[in-house]
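Only one structure is covered here, and it is reproduced in the block below.
Since the model is a prediction, treat every value here as computed from it, not as a measurement.
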Amino acid sequence: MEKVKSQGLAQYMGLRIRNLAPQLRTFYGQANPTAVMQVVVTYLRELCQQKKKRAITQVLKSVSGAYVSGDTFVRESINYLFMYSFERLGHHCSPRQWQGIMAALPMGLKEIYCKHNLH
């Protein structure tokens, strides 16, 4: 499995989420995983409002892959910014849709989510 470094996160996500590639090109080669995660979270919010469950699941898998294979900076950005924003994403979904998203949440992200919400 490839190691995702903070400088390569934008490209990693752009290759996996084609609709975001144009927006993420700005960050190619930059060590700015926080900005990349903000773009991803905004896109997730849009998908939630459009009720595109399959696309949401694909984005979550991509974020999970980045977390699992990411360097410390990538993992910290996902751990804090993404998870903080993800919790608020539930306000943009119906309860049924949120249940489906939570059921589809990859194990790595589910563990982080539970850790954040047990405190």
Side-chain angles (χ1 to χ4, degrees):
M1 182 177 283
E2 71 181 289
K3 186 75 169 171
V4 179
K5 298 182 188 235
S6 55
Q7 299 91 331
L9 181 62
Q11 189 169 2
Y12 177 90
M13 297 303 284
L15 289 172
R16 285 154 182 78
I17 309 169
R18 297 282 184 189
N19 290 345
L20 287 184
Q23 294 168 307
L24 293 173
R25 276 194 191 99
T26 306
F27 304 110
Y28 281 15
Q30 296 180 20
N32 197 349
T34 303
V36 172
M37 284 297 103
Q38 188 58 55
V39 170
V40 172
V41 167
T42 300
Y43 183 59
L44 270 174
R45 188 177 306 122
E46 293 169 9
L47 292 175
C48 213
Q49 290 169 339
Q50 297 167 6
K51 298 180 180 5
K52 295 187 175 181
K53 184 180 178 189
R54 184 174 293 154
I56 291 168
T57 302
Q58 182 60 40
V59 171
L60 293 174
K61 285 180 183 177
S62 299
V63 172
S64 182
Y67 183 80
V68 168
S69 59
D71 65 14
T72 303
F73 199 24
V74 169
R75 290 172 68 91
E76 287 176 358
S77 294
I78 292 171
N79 196 13
Y80 296 109
L81 175 76
F82 181 78
M83 281 294 145
Y84 176 80
S85 301
F86 182 74
E87 173 62 27
R88 275 123 190 84
L89 190 64
H91 300 292
H92 298 279
C93 305
S94 69
R96 184 171 178 239
Q97 186 182 16
W98 184 247
Q99 278 183 318
I101 291 169
M102 290 303 298
L105 196 61
M107 187 54 75
L109 294 181
K110 196 172 283 193
E111 289 172 5
I112 300 167
Y113 179 81
C114 289
K115 188 182 338 177
H116 276 266
N117 290 294
L118 290 177
H119 296 148

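Judged as a side chain to side chain contact (heavy atoms under 4.5 Å, CB included), and not counting sequence neighbours, the contacts of E76 are T72, Y80. R88 is linked by a side chain to side chain contact (heavy atoms under 4.5 Å, CB included) to Y84, H91, counting only residues two or more places apart in sequence or in another chain.
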Give every donor-acceptor pair under 3.5 Å between a side-chain atom in residues 23-33 and any protein atom, sequence neighbours left out.
from, atom 1, to, atom 2, distance (Å)
Q30, NE2, T26, O, 3.0
N32, OD1, A35, N, 3.3

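Here the closest non-hydrogen pair linking A66 and Y12 is N-OH, 3.5 Å. Residues V74 and K5 share a closest heavy-atom pair of CG2-C, 3.8 Å.
Side chains of V39 and V36 form no contact here, defined as non-hydrogen atoms less than 4.5 Å apart. Proximity of M13 to I17: side-chain heavy atoms (C-beta onward) are separated by under 4.5 Å at one or more points. Contact annotation: the side chain of V68 never approaches that of V4 to less than 4.5 Å [non-hydrogen atoms, C-beta and beyond].
Applying side-chain contact (heavy atoms from CB on, under 4.5 Å) to S85 and the options T42, L44, V41 leaves one that passes, V41.
The CE atom of M37 sits 4.5 Å away from atom CD1 of I78, with the distance rounded to the nearest 0.5 Å. Residue L47 holds its CG atom at 8.0 Å from CG of N19, rounded to the nearest 0.5 Å. Within the model, atoms CD1 of I56 and CD1 of I101 stand 4.0 Å from one another, a figure rounded to the nearest 0.5 Å.
The stretch residues 33-109 participates, sequence neighbours left out, in these disulfide bond (SG atoms under 2.5 Å apart) pairs: C48-C93. Within the structure, the salt bridge (Lys or Arg N to Asp or Glu O under 4.0 Å) test picks out the following pairs touching residues 6-19 (sequence neighbours left out): E2-R16. Judged as a salt bridge (Lys or Arg N to Asp or Glu O under 4.0 Å), not a single pair has a partner in residues 37-53 (not counting sequence neighbours).
The cluster map of Ile, Leu, Val, Met, Phe, Trp and Tyr, joined by side-chain heavy atoms under 4.5 Å apart, puts M102 and L109 in the same cluster. Transitive grouping of hydrophobic side chains (ILVMFWY, heavy atoms separated by less than 4.5 Å) keeps V40 and F73 in distinct clusters. The hydrophobic cluster containing Y113 also contains V63, counting ILVMFWY residues as joined when their side-chain heavy atoms lie under 4.5 angstrom apart, directly or transitively.
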